[in-house]
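Naming: A, B, ... by sequence-line order, numbering from 1 per chain.
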Amino acid sequence: MLEKLENWRRSSYCGEVSSLHTGTVVTLMGWVQRRRDHGGLIFVDLRDREGIVQLVFNPEKNGQAHKKAHELRSEFVIAVKGVVQKRPAGTENTELKTGLLEVAIDEIKVLNDSDPLPFMIEEDTDVAENTRLKYRYLDLRRHALQSKLILRHKVAMSTRSYLSESGFLEIETPVLTKSTPEGARDFLVPSRLTPGSFFALPQSPQLFKQILMISGFDRYFQIVRCFRDEDLRSDRQPEFTQIDAEMSFVDIDDVIGVMEGLVAAIFKDGPGFELQLPFPRLTYAEAVGRFGLDNPDVRFGMELKDLTAIASKTGFKVFADAASKGGVVKAICVKHGAEFSRKDLDDLTAIAVSFGAKGLAWVKLTDEGWQSPIAKFLNDDEKAAIAGVLGAAKGDLLLFAADRFSIAGTVLGRLRLNIGARLGLIPKQGFNFIWVTEFPMFDYDDAEKRHVAVHHPFTAPMDEDLDKMEKEPLKVRAKAYDLVLNGVEIGGGSIRIHRSDVQARVFDLLGIAKEEAESRFGFLLEALRFGTPPHGGIAFGLDRVMAIMTGSDSIRDVIAFPKTQKATDMMCDSPSTVDQKQLDEIFIRLAKKAPEKTPEKTAEKPPEKA
RNA sequence: GGGGCCGUAGUUAAGUCGGUUAUAACGCUGGCCUGUCAAGCCAGAGGGCGCGGGUUCGAGUCCCGUCGGCCCCGCCA
């Protein structure tokens, strides 16, 4: 028999019952975590957002309440009134924040019951993720997930407070906007009032925030949802949240300075972690040279060394060929890696191949000298020179990549991470920040046979490289910067182009025709002509920041309602088909009928309560 | 587009060389039980093995296809 709340009101959260309440009557509301029914005494763990407290129902003290408690089941929603008391000596529970106390219940109202759950609400759950995603509201009852979202709230509050105090204005930008070339695939929204035309959901508010600078708002920020219709990863969702900011009359160091302050603020206000400022910086060239990747994890060594000069003169054809074709020969030294088994080396080779290597040359430095398939191609001087550059000693393993600069870097960079993790070289705790600066402006896309922007087409070139743009575009560095946390890119930004002539030159170089630039970005090009201040900014991936801050393996853990790898929502079963009438209204005709969805299971309902 | 791992009661798992009626724990239901906190003890219900084909006297086990989840490559300015 369910009861009404009526005039009962909560006096305290369960998790906040403390010794200050001892001897007083409290009113608590929450979910039954567990009932321990001794026939006589009944213990109930009552749970709410803030924690758990033990309730005691004593038949001799209050028969009515005790009788009701007997009927309680997991996840029933109840309200209770009772006196907070110290637990009898020897029955304290040190696992629980409230474990020295309990509430002796005089009155109870059962506000709602619950069917048996598809899975138990437990901290250390081993339930399959698809089941948890289908019943996301139940998974979210777990303290582990609640605390992550609560921390996310604190970080958002801290962001608003810090940026507001630093003169930034929170201004909203459209969600229905314009599709632009370059970048990720857009999510499209058909326009009913302009038949045949489409809005795009923003990949980021990039153009709008630049326009806001042109309008003179000086400093803007937004905690904003962004959309990219690309394949998912554990750190990529089709809709994700950025802390987006832009400021006027600044150069690189100004943006970096203010944003370091923001990062320090959110780590202090969130997990209470004091960060040391300023963060170290690495140029892009250093990062890819020493670590192979532009998001270097600098928490451990095993850095890449260049052996091109030595290797090019050896009799090993793979090395010599790579060098003569303009590529490089690089290597890493795995300390004590000579113990790796044949299978370990096969695994590493498979990883190398997956990142584009043709193979993986290795050397074990053993008591008998160089144990390696390539040892016979190298003379003693060459071996000594290689070992010297790598600082290699007996017992070490050397891994070589001979390829184009970017592939050799990626291969060794990834191997380095894999081996670092395998050998436990990467600290489990702590936050390591590093700025990566001086990115190249352009990259050459072999498939499309044209230059593409490394950051985005609105990024300003470094002043001293401006003249190289047409002659040596690949040597032009950009005023772009990324913030890397524990080897993960958590944010990136740039100083923007504020002159329409420079912007036109960049579009030109990217092979964006004048007409296309006009139709896609015409409003920006025009705006740039009406007095645009120098400006620049940054965007942080809030989901990634939160995932690292909370030690989560996936950003799904810090998003209340995330999507699966196929970009579906298992709880509300989106996306879904729509009525023909809805399609007619937006002038959409399906090219072919979508395949029928076959239900995964028929018996998906939890068991009926007996 | 591609590679890998996975799918058996509500949940997590076991299931040998293809062979009677598919096994366990937790959960659930009922009973007993006054200091438990993963309460305990006793009894019970519950699935036909993601789905569809095929091979076979016989398929959870083998084959083909398909659906779904996760990790990764490509993709993600």
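- Rounded to whole angstrom, the span from the CZ atom of Arg236(A) across to the C1' atom of C71(B) amounts to 13 Å.
- G47(B) and C5(B) have their P atoms separated by 32 Å, with the value rounded to a whole Å.
- Every residue two or more places apart in sequence or in another chain that forms a salt bridge (Lys or Arg N to Asp or Glu O under 4.0 Å) with Asp344(A) is listed here: Arg422(A).
- Comparing G35(B), C76(B), G69(B) by their closest approach to the side chain of Thr568(A) singles out G69(B).
- Under the salt bridge (Lys or Arg N to Asp or Glu O under 4.0 Å) criterion, Asp48(A) pairs with no residue, sequence neighbours left out.
- Only the P atoms considered, G1(B) is 30 Å distant from A13(B), to the nearest whole Å.
- For the OP1/OP2 pair of C72(B) and a distance below 4.0 Å, the side-chain nitrogens and oxygens of Arg414(A) include no atom meeting the criterion.
- A straight line from CZ of Arg233(A) to C1' of G2(B) spans 11 Å, rounded to a whole angstrom.
- In this structure, CZ of Arg185(A) is placed 10 Å from P of G1(B), rounded to the nearest angstrom.
- Comparing Val454(A) and Gly99(A) by the nucleotide of RNA chain B that holds the closest heavy atom to each, the one mapping nearer the 5' end is Gly99(A).
- Base orientation of G48(B): syn (glycosidic angle within 90° of 0).
- Within 4.0 Å (heavy atoms only), Glu129(A) reaches sugar-phosphate atoms of the nucleic acid but no base atom.
- When both distances must be under 3.5 Å, the Watson-Crick or G-U wobble mate of G7(B) is C67(B).
- If you take CD of Glu239(A) and C1' of C76(B), they are 16 Å apart, rounded to a whole angstrom.
- Rounding to whole angstrom units, NZ of residue Lys134(A) and C1' of C70(B) are separated by 18 Å.
- Looking at heavy-atom distances under 4.0 Å, Phe355(A) makes contact with sugar-phosphate atoms alone, never a base.
- Side-chain proximity of Gln54(A) to the nucleotides C71(B), C75(B), U36(B) is greatest for U36(B).
- Regarding Arg556(A), its CZ atom lies at a distance of 11 Å from the P atom of G69(B), rounded to whole Å.
- Annotation: salt bridge (Lys or Arg N to Asp or Glu O under 4.0 Å) contacts of Asp346(A) (sequence neighbours excluded): Arg342(A).
- Side-chain N/O atoms of Gln33(A) and Arg141(A) include no donor and acceptor closer than 3.5 Å.
- Between Glu470(A) and Arg505(A) there is a salt bridge, since at least one side-chain N of the basic residue sits less than 4.0 Å from a carboxylate O of the acidic one.
- Going from the C1' atom of G50(B) to that of U36(B) covers 41 Å, rounded to whole Å.
- For the P atom pair drawn from G52(B) and C67(B), the interatomic distance equals 15 Å after rounding to whole Å.
- The base of C75(B) does not come close enough to the side chain of Arg228(A) for any donor and acceptor atom to sit less than 3.5 Å apart.
- Spacing of P atoms, C17(B) relative to C63(B), comes out at 14 Å, to the nearest Å.
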*Give the C-alpha distance, both sets of side-chain angles, the deciding distance and a yes or no for side chain to side chain donor-acceptor pair (under 3.5 Å) between Asp443(A) and His451(A).*
CA-CA 6 Å; Asp443(A) 196 5; His451(A) 290 98; over 6 Å; no
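- Atom CG of Asp139(A) sits about 8.0 Å away from atom CG of Asp557(A), to the nearest 0.5 Å.
- With a cut-off of 3.5 Å on both Watson-Crick or G-U wobble distances, the partner of U20(B) is given as none.
- The stretch residues 85-95 of chain A comes close to RNA chain B through Arg87(A), Pro88(A), Thr91(A), Glu92(A), Asn93(A), each having a heavy atom under 4.0 Å from the strand.
- Here C70(B) presents its P atom at 7 Å from CG of Leu133(A), a figure rounded to the nearest Å.
- Between the side chain of Arg35(A) and the main chain of Leu72(A), a donor-acceptor pair closer than 3.5 Å is present.
- When the nucleotides G10(B), U36(B), C71(B) are ranked by their closest atom to the side chain of Gln565(A), C71(B) comes out on top.
- Within the structure, every side-chain polar atom (N or O) of Thr125(A) is placed at least 4.0 Å from both OP1 and OP2 of U11(B).
- Both Phe458(A) and Ser354(A) sit near RNA chain B, but only Ser354(A) has its closest nucleotide nearer the 5' end.
- Annotation: side-chain hydrogen bond (donor to acceptor under 3.5 Å, both in side chains) contacts of Thr283(A) (sequence neighbours excluded): Glu286(A).
- Side-chain N/O atoms of Asp231(A) and base N/O atoms of G74(B) include a donor-acceptor pair closer than 3.5 Å.
- Rounded to the nearest Å, the gap between the C1' atom of U23(B) and that of G31(B) is 26 Å.
- Remark: C1' of C72(B) and CD of Glu230(A) are 16 Å apart, rounded to the nearest angstrom.
- Under the rule for a side-chain hydrogen bond (donor to acceptor under 3.5 Å, both in side chains), Glu71(A) has no partner lying at least two apart in sequence or in another chain.
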Show each protein N/O and nucleotides 39-41 of chain B N/O combination with a separation under 3.5 Å, one pair to a line.
from   : atom 1 : to       : atom 2 : distance (Å)
A39(B) : OP1    : Arg34(A) : NE     : 3.0
A39(B) : OP2    : Arg34(A) : NE     : 3.0
A39(B) : N6     : Asp37(A) : O      : 2.7

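- When heavy atoms are screened at a 4.0 angstrom cut-off, Arg132(A) is found touching no nucleic acid atom at all.
- One P atom belongs to G4(B), the other to A43(B), and the distance between them is 48 Å to the nearest Å.
- Of all nucleotides present, only U29(B) satisfies the Watson-Crick or G-U wobble test against A43(B), with each distance under 3.5 Å.
- In this structure, the separation between CZ on Phe439(A) and CZ on Arg477(A) is 13.5 Å, given to the nearest 0.5 Å.
- Across all strands, Val56(A) comes closer than 4.0 Å to no nucleic acid atom at all (heavy-atom distances).
- Residue pairs satisfying the side chain to side chain donor-acceptor pair (under 3.5 Å) criterion with at least one member in residues 478-493 of chain A, sequence neighbours excluded, are listed as follows: Asp251(A)-Lys479(A), Asp463(A)-Lys479(A).
- For Arg496(A), the side-chain hydrogen bond (donor to acceptor under 3.5 Å, both in side chains) partners at least two apart in sequence or on another chain are Glu246(A), His456(A), Ser494(A).
- Among the protein residues, Val127(A) comes within range of the sugar-phosphate backbone only, with heavy atoms under 4.0 Å from sugar or phosphate atoms but none that close to a base.
- The partner of G48(B), taking Watson-Crick or G-U wobble pairs whose two distances both stay under 3.5 Å, does not exist in any strand shown.
- Separating the C1' atom of C42(B) from that of G60(B) is a span of 33 Å, rounded to the nearest Å.
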